[in-house]
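Here you go, one structure.
Convention: sequence-line order gives letters A, B, ...; per-chain numbering from 1.
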Number of protein chains: 2
Amino acid sequence: MVDRTSGVPAFRQVAADLRRKIDAGEYAPGAKLPSERELIETYGVSRPTVREAVNLLRSEGVVDVEHGRGVFVRPPSNIHRLARARLSRDARGRNEGAFLAEAKATGFSASSNVKVRFERADERAAEFLRLDVGTELTVRDRVMRADGLVAQLAVSRLPRELTRGTAIEKVATGDGGTYARLEEAGHVIGSFAEHVGARMPTPDEVTLLQLAVGVPVLTITRVAYGTEGRPLEMNDIVLPASLYQLSYEWPAD
Amino acid sequence: MVDRTSGVPAFRQVAADLRRKIDAGEYAPGAKLPSERELIETYGVSRPTVREAVNLLRSEGVVDVEHGRGVFVRPPSNIHRLARARLSRDARGRNEGAFLAEAKATGFSASSNVKVRFERADERAAEFLRLDVGTELTVRDRVMRADGLVAQLAVSRLPRELTRGTAIEKVATGDGGTYARLEEAGHVIGSFAEHVGARMPTPDEVTLLQLAVGVPVLTITRVAYGTEGRPLEMNDIVLPASLYQLSYEWPAD
DNA sequence: AAGTGGTCTAGACCACATA
DNA sequence: ATGTGGTCTAGACCACTTA
């Protein structure tokens with residue numbers, strides 16, 4: 001039963017009590033919570049109030065709701081660690097690119113859908129690639145799947161000048177991927193930078209990545225530089241935060 | 001007005017229409033959306049339906065709601081870039097530690113509250129620090145503020161063996177912070193690793209970090225290793241994803 | 001005082017999952 | 001067929017902000 005004199009809204013009291021029971025293990029991961037009708041009885045509140053409480057837990061990523069089945073404690077998902085080694089020349093030598101390298105390493109069957117298009121650099125692209133706004137870019141738009149589930153979105157942009165006549169402008173870039181083709185064309189990669197952030201997904205991303213409510217996305221903007229420091233490629237990557245962790249290591253200096 | 005025959009729920013249609021108008025610039029960042037009573041008229045739906053639509057936008061981080069004032073398009077916030085240089089020996093030499101280094105660099109006045117305690121290593125800490133479960137740890141629990149606003153939470157754990165008799169067990173560690181004291185005690189730092197993820201905040205974090213609805217947190221687990229590769233410290237850092245971006249760069253190999 | 005969002009109720013009907 | 005969540009209504013009263 002909720003305390004009507006405390007000043008704390010009823011739906012927050014219900015949510016807090018359920019959260020406490022989940023944390024205490026009273027409802028284990030994967031377990032079903034009482035139905036909305038039962039919670040109405042238990043706490044003495046109306047259905048909209050119960051639903052507001054459940055929605056709060058949902059947006060916190062604590063529970064999953066399945067229509068017709070019930071409300072379940074969200075089990076922790078297996079986190080894939082992406083290490084910078086995924087971008088090493090060795091990894092490129094062995095297969096098709098960073099994503100497929102990782103997938104093979106973790107025993108996943110992987111595939112990816114690619115669309116290639118050309119566009120003019122906007123302000124952001126121009127800054128990362130150190131070009132003038134309006135410079136022609138080759139854009140590779142990829143949806144990557146592991147075991148049939150969509151796992152990442154990636155939009156790669158390169159100055160078109162670097163990609164003319166290479167397989168980078170084809171859908172299939174061949175073994176070692178874009179970076180291998182760049183190096184064959186004489187643009188050896190000297191260094192990488194990654195800028196990592198997180199935000200809530202757009203509705204499009206929710207659909208494409210099949211995201212549950214309350215799951216943010218990690219965003220990575222990766223820039224590949226040539227040996228003289230010239231930016232060769234920028235890659236905007238979006239991945240479900242529930243599935244990935246990014247690992248970086250470096251010597252102290 | 002909503003289309004009752006489309007099969008798309010009314011509150012989603014309202015949310016989609018408002019989102020479209022925001023994206024199109026019809027409501028600029030910071031602008032006030034029509035009041036709930038106005039939206040009821042515009043779309044021909046009940047108040048709970050309007051509120052459900054607004055809640056959806058809120059959980060996406062698109063709008064902020066202010067009681068008694070209205071609903072506003074959330075303006076983009078200034079993103080601080082945290083680069084790995086924040087952990088360099090140079091930065092330590094100049095000031096009190098990684099967080100204060102960053103704050104000074106960006107012109108913020110910064111402060112931090114620290115609590116020191118001792119506890120036994122749980123399974124996770126034991127794995128990161130390569131110790132046996134139950135080993136005694138020194139734990140430094142920090143709340144860091146920039147210009148009075150809470151900006152990050154950090155929980156640092158070290159084998160107590162390394163901290164006995166040092167200022168690391170005091171609230172004030174002195175110039176250069178924990179890492180400087182570790183090196184003075186003969187434990188020179190050889191490398192760092194950071195494991196980055198994101199998730200929705202717990203209710204406690206929402207309070208401490210004064211987070212708006214729809215803002216995820218970035219989580220960093222940083223491990224500092226000695227020159228022989230021994231883990232010296234692990235640091236669990238939580239920061240609002242709306243305020244920070246993490247940058248890493250490394251030479252191609 | 002007037003306008004805004006915050007909370008809550010008591011229902012109704014629909015859609016999905018399972019037996 | 002039954003139980004589950006999904007959507008929606010038409011109110012009511014409260015709390016905060018601004019004038």
Taking any atom closer than 4.0 angstrom to a non-hydrogen atom of chain A, what span of DNA chain C does the protein reach, first nucleotide to last? C:dT7 to C:dT18
Please name all residues satisfying salt bridge (charged side-chain N to carboxylate O under 4.0 Å, His left out) with A:Arg124, sequence neighbours left out, ordered by chain then number. A:Asp236
On DNA chain C, check which nucleotide each of A:Arg47 and A:Arg12 is closest to and give me the residue with the more 5' one. A:Arg12
What residues, two or more places apart in sequence or in another chain, satisfy side-chain hydrogen bond (donor to acceptor under 3.5 Å, both in side chains) together with A:Thr219? none
Please list, pair by pair, any protein nitrogen or oxygen found under 3.5 Å from a nitrogen or oxygen in nucleotides 16-19 of chain D.
unit_1: D:dT18; atom_1: OP1; unit_2: B:Arg69; atom_2: NH1; d: 3.2

Once side chain to side chain contact (heavy atoms under 4.5 Å, CB included) is applied, do any residues pair with A:Lys21, and if so which ones, sequence neighbours excluded? A:Asp17, A:Glu26, A:Tyr27, A:Tyr43
Sidechain-backbone polar pair: A:Gln13 side chain, A:Asp3 backbone, donor-acceptor under 3.5 Å: yes
Sequence neighbours excluded, the answer for side chain to side chain contact (heavy atoms under 4.5 Å, CB included) partners of B:Val65 is B:Val54, B:Arg58, B:Val71
Contact nearer the 5' end of DNA chain C, comparing A:Arg4 with B:Glu38: B:Glu38
Which pairs count as salt bridge (Lys or Arg N to Asp or Glu O under 4.0 Å) when at least one residue sits in residues 204-218 of chain A, sequence neighbours excluded? A:Arg199-A:Glu205
Tell me every residue that passes side-chain hydrogen bond (donor to acceptor under 3.5 Å, both in side chains) with B:Ser77, counting only those two or more places apart in sequence or in another chain. none
Not counting sequence neighbours, which residues clear side chain to side chain contact (heavy atoms under 4.5 Å, CB included) with A:Arg12? List them please. A:Val8, A:Pro9, A:Leu56
Set of residues satisfying side chain to side chain contact (heavy atoms under 4.5 Å, CB included) with respect to B:Asn235, sequence neighbours excluded: B:Arg142, B:Ala154, B:Ser156, B:Arg222, B:Glu233, B:Ile237
Sequence neighbours excluded - ring-ring contact (aromatic ring centres under 6.0 Å, His included) pairs with any residue from residues 193-214 of chain A: A:Phe128-A:His195
Neighbours of DNA chain D within residues 48-60 of chain B, by heavy-atom distance under 4.0 Å: B:Pro48, B:Thr49
